[in-house]
> 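My questions will all concern the structure given below.
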Amino acid sequence: RLSTVQASSASEARIGDAISSTGRLSSFVIAPSSPWRLTWDMLNLVAVGFDLVFLPLQVFQLSLIGFMAVMDCVTCIFWSLDMLVSFFSGFENCGVVEMRLPRIAR
């Protein structure tokens with residue numbers, strides 16, 4: 001489990017610490033090693049695999065029916081949501097987990 005250091009003492013953070021801040025949106029920040037984030041990353045692999053196979057097939061202008069039509073919409077929505085999730089996902093920098101929204105947004 002990560003120990004959390006507040007933003008005011010970020011310079012004292014050690015390897016394995018998580019730097020966070022207080023604020024209305026800070027409770028929505030997702031730790032990069034959380035089960036929710038790992039599940040999202042696995043879904044990301046599925047979406048990449050689907051796009052890897054089916055996007056090149058669009059050259060042949062195949063009609064989208066059934067499963068392909070649904071997955072086309074699902075992956076479009078997924079990639080849109082992925083941008084939002086990425087904005088709220090912490091990251092590791094030099095062994096310290098960065099959980100401050102302004103730093104994540106950079």
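Heavy atoms only: backbone and side chains are in, while hydrogens, waters and symmetry mates are out.
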> Is Phe78 close to Leu81 at the side-chain level, that is, under 4.5 Å between some pair of heavy atoms?
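No, every pair of side-chain atoms sits at 4.5 Å or beyond.
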> Quick one: does any side-chain atom of Ser34 pair with a main-chain N or O of Ile30 as donor and acceptor, under 3.5 Å?
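Flag not set: sc Ser34 to bb Ile30 has no pair under 3.5 Å.
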> CG of Leu38 to CG of Leu43: how many Å apart, nearest 0.5 Å?
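The distance works out to 11.5 Å.
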> So Met99 and Pro32, do their side chains get closer than 4.5 Å, heavy atoms only?
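When only atoms from C-beta onward are counted, Met99 and Pro32 do touch, with a gap below 4.5 Å.
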> Is Phe60 reachable from Phe54 through a run of I, L, V, M, F, W or Y residues, each pair having side-chain heavy atoms under 4.5 Å apart?
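Looking at the clustering, Phe60 is in the same group as Phe54.
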> Following the transitive rule for hydrophobic clusters with a side-chain heavy-atom cut-off under 4.5 Å over Ile, Leu, Val, Met, Phe, Trp and Tyr, establish whether Met71 and Ile77 coincide in one cluster.
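Different clusters.
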> Mind checking side-chain hydrogen bond (donor to acceptor under 3.5 Å, both in side chains) for Asn44 and listing every partner two or more places apart, or none if nothing turns up?
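Partners of Asn44 by the side-chain hydrogen bond (donor to acceptor under 3.5 Å, both in side chains) criterion come out as none, since no residue qualifies.
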> Could you check whether any side-chain heavy atom of Asp51 comes within less than 4.5 Å of a side-chain heavy atom of Trp79, counting everything from C-beta outward?
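Sidechains of Trp79 and Asp51: in contact.
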> Would Trp40 end up clustered with Met83 when hydrophobic side chains under 4.5 Å apart are linked, directly or stepwise?
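Trp40 does not cluster with Met83.
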> Under 3.5 Å, which donor-acceptor pairs do the side chains of residues 88-96 form with other protein atoms, sequence neighbours left out?
residue : atom : partner : partner atom : Å
Ser89   : OG   : Arg37   : NH1          : 2.8
Ser89   : OG   : Val85   : O            : 2.7

> Are there over 12 heavy-atom neighbours, none belonging to Leu57, within less than 6.0 Å of that residue's CG?
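Count over threshold, so yes.
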> Hydrophobic cluster membership, with links at side-chain heavy-atom distances under 4.5 Å among I/L/V/M/F/W/Y: are Phe28 and Val97 in one?
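Same cluster: Phe28 reaches Val97 through Ile, Leu, Val, Met, Phe, Trp or Tyr contacts under 4.5 Å.
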> Side chain of Glu98, backbone of Arg100: donor and acceptor closer than 3.5 Å?
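Here the side-chain-to-backbone pair exists.
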> Are Val29 and Leu25 co-members of a hydrophobic cluster defined by side-chain heavy atoms under 4.5 Å apart?
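Yes: a chain of side-chain contacts under 4.5 Å links Leu25 to Val29.
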